Amino acid sequence: MYEWVKNIILMTAFLAFSELLFPAGAMAKYLRLIFSLVFLWIVVYPLTMWLAEI
């Protein structure tokens, strides 16, 4: 559980910082989409592993 929360916090900080580095414009919405999918995967993946064990 601790590792999962740590990964969420670190990835949130990394994605927020990397979003600041990319220029705003037409590509910004696509980058946000990709970042959102990565974040969603980080949150959901441990849950699927836990459900597979049951």
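Residue numbers run from 1 in the order of the sequence given. Computation of the quantities below employed the complete heavy-atom set of this structure, encompassing side-chain atoms and omitting hydrogens, waters and symmetry-equivalent molecules. No experiment lies behind these values; they were computed from the predicted model shown.
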Do [X] and [Y] belong to the same hydrophobic cluster, where Ile, Leu, Val, Met, Phe, Trp and Tyr are linked whenever their side-chain heavy atoms lie under 4.5 Å apart, directly or via other members?
{"X": "L15", "Y": "Y30", "result": "no"}
{"X": "I8", "Y": "L37", "result": "no"}
{"X": "L20", "Y": "V38", "result": "no"}

| request: Mind checking ring-ring contact (aromatic ring centres under 6.0 Å, His included) for W4 and listing every partner two or more places apart, or none if nothing turns up? | output: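 Listed in chain order: nothing, the list is empty.
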_Going by ring-ring contact (aromatic ring centres under 6.0 Å, His included), name the residues that satisfy it together with F39, two or more places apart in sequence or in a different chain._
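Testing F39 for ring-ring contact (aromatic ring centres under 6.0 Å, His included), a comparison that skips the adjacent residues, returns none.
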Salt bridge (Lys or Arg N to Asp or Glu O under 4.0 Å) contacts touching [range] (sequence neighbours left out):
{"range": "residues 21-49", "value": "E19-R32"}
{"range": "residues 45-54", "value": "none"}
{"range": "residues 33-47", "value": "none"}

- Item | Closest approach of S18 to F35 (non-hydrogen atoms, all atoms of both residues) |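 Heavy-atom minimum between the residues: OG-CZ, 3.5 Å.
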Non-neighbouring partners of V5 that pass side-chain contact (heavy atoms from CB on, under 4.5 Å), sequence neighbours left out:
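Per chain and number, V5 pairs via side-chain contact (heavy atoms from CB on, under 4.5 Å) with I9.
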Quiz prompt | Any residue meeting side-chain contact (heavy atoms from CB on, under 4.5 Å) with L10, in chain and number order, not counting sequence neighbours | solution =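 Partners of L10 under the side-chain contact (heavy atoms from CB on, under 4.5 Å) test: K6.
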(request) List, by chain and number, the other hydrophobic cluster members for V44, where Ile, Leu, Val, Met, Phe, Trp and Tyr join if side-chain heavy atoms come within less than 4.5 Å, directly or indirectly. (result)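 The other cluster members (ILVMFWY side chains, heavy atoms under 4.5 Å, direct or chained) are L40.
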